[in-house]
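For clarity, every value in this text was computed on a predicted model and none was experimentally measured.
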Amino acid sequence: MIEKLNAHVHGIFAPYKSAKTATELEEELLQNLLEKYDDHRRNGASEQQAFKLTVDSIGEVSELMESLNLQYNVLEQAISMDYSRHRLLDSDFRSVSVHDGKFNSCDLSRSDFSHSDLTNSTFKNSNLDHCIFENANLTGTLFKSANLKGVTFKNSIYNKTHFKSCNLSGLIFDGETFKQTIFEGSSLRKASFRDTTLINVQFRMSDLKKIDFTGASMDKLTYNFLHGAKVDLSGVTLI
């Protein structure tokens, strides 16, 4: 009977398989229906009765899917947004999803990007003074000639993130994980990378004086890069 219920729900969602929300909604609905079915069985209903009561509780899926698809289309239109050359001080960008977004030549002072997905976005010549990037997805994000004074980076994703010609002096990256991240022509003087994990990270032509890697773990490629720059790696673990 469980397989019959599964097949019934799958059939309902068959026309909407092209929708990106369909699979998630189908899985959630099926789980809820299985719980209802079990409740009916515990209350004394036969398998057939429990199945009918469960199926009858399903609402109009087509109306729900149209609503969800409309919401998704609105979000999809927000992708690749261009915020360049705007004054956006103290802006709330928490939990937004902006792929390939452009935040170039912006004043974003004190703005909050916590829990945001900024995949492949660019921040060129922007003022990010005291901005917050906590639990942010910075995959492929480019920071070029940006003012990063007092910026908070915490629990974020830095896969292929590129910092070019930026002042990162004194910033704290403790406990973060960096994969294929590039620091190019940037100042990292007195920056803290304590207890970080670094995999295939490049530090090209950057100021690494008094940078702290105490407790950090890194692969040989990253280690050799830093060792060649005469960075103190005495507290580092190779992985």
Side-chain angles (χ1 to χ4, degrees), residues 79 93-104 112-126 128-239:
I79 293 176
F93 288 101
R94 289 176 296 176
S95 301
V96 302
S97 180
V98 185
H99 287 205
D100 302 295
K102 293 180 176 60
F103 297 86
N104 304 324
D112 192 347
F113 291 89
S114 297
H115 302 278
S116 295
D117 185 351
L118 299 168
T119 298
N120 294 326
S121 291
T122 59
F123 294 84
K124 298 179 182 178
N125 303 302
S126 294
L128 300 172
D129 183 65
H130 286 87
C131 283
I132 300 173
F133 292 91
E134 186 170 341
N135 294 294
N137 186 352
L138 302 176
T139 298
T141 300
L142 170 64
F143 295 91
K144 182 178 179 182
S145 302
N147 174 25
L148 298 170
K149 181 180 179 181
V151 170
T152 298
F153 289 104
K154 185 176 180 181
N155 298 328
S156 292
I157 299 172
Y158 306 92
N159 297 345
K160 298 183 178 180
T161 306
H162 193 166
F163 295 92
K164 185 174 183 179
S165 303
C166 292
N167 185 359
L168 302 163
S169 299
L171 293 189
I172 298 174
F173 293 99
D174 294 353
E176 302 292 83
T177 297
F178 299 88
K179 294 182 179 179
Q180 296 182 284
T181 311
I182 298 174
F183 297 92
E184 180 181 3
S186 297
S187 175
L188 290 152
R189 184 185 294 258
K190 295 184 179 180
S192 180
F193 286 78
R194 297 173 69 92
D195 302 311
T196 54
T197 299
L198 301 98
I199 301 173
N200 195 14
V201 177
Q202 299 181 43
F203 295 85
R204 304 173 183 168
M205 300 177 290
S206 294
D207 182 358
L208 306 177
K209 292 179 180 177
K210 296 185 179 180
I211 190 170
D212 188 358
F213 284 104
T214 303
S217 300
M218 60 184 68
D219 67 334
K220 288 185 178 179
L221 291 174
T222 305
Y223 183 91
N224 290 334
F225 224 111
L226 294 170
H227 185 264
K230 299 181 180 180
V231 174
D232 180 8
L233 301 173
S234 57
V236 166
T237 300
L238 280 174
I239 54 176

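- Applying the side chain to side chain donor-acceptor pair (under 3.5 Å) test to Asn200 and every residue at least two apart in sequence or in another chain returns nothing.
- For Phe183 and Phe203, the ring centers sit closer than 6.0 Å to each other.
- Between Leu142 and Lys164, the shortest heavy-atom contact is CD1-CB, 4.4 Å.
- Sorted by first and then second residue, the pairs that involve residues 148-158 and meet side-chain hydrogen bond (donor to acceptor under 3.5 Å, both in side chains), not counting sequence neighbours, are Tyr158-Glu176.
- When atom types are taken as modelled, the side chain of Asp100 and the backbone of Lys102 share no donor-acceptor pair closer than 3.5 angstrom.
- A side-chain donor-acceptor contact under 3.5 Å links Thr222 to the backbone of Val201.
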Stepwise side-chain hydrogen bond (donor to acceptor under 3.5 Å, both in side chains) test for Asp212 and Ser192: CA-CA 5 Å; Asp212 188 358; Ser192 180; 4.5 Å; no
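- For the residue pair Ile239 and Ser217, the shortest heavy atom distance occurs at CG2-CB, 3.8 Å.
- If you check the side chains of Ser169 and Ser187, you find a donor sitting under 3.5 Å from an acceptor.
- Considering only heavy atoms from C-beta on, Met218 stays 4.5 Å or farther from Thr196 through its side chain.
- When each of Leu138, Thr139, Thr119 is checked for a side chain to side chain contact (heavy atoms under 4.5 Å, CB included) with Asn159, only Thr139 meets the rule.
- Phe143 has its side chain out of reach of Phe103: every pair of non-hydrogen atoms, C-beta onward, lies at least 4.5 Å apart.
- Taking the side chain as every heavy atom from C-beta outward, Leu128 and Asn147 never approach each other to under 4.5 Å.
- With 3.5 Å as the limit, one finds a donor-acceptor pair spanning the side chains of Thr122 and Asn104.
- Between Phe133 and Val151 the shortest side-chain heavy-atom distance falls below 4.5 Å.
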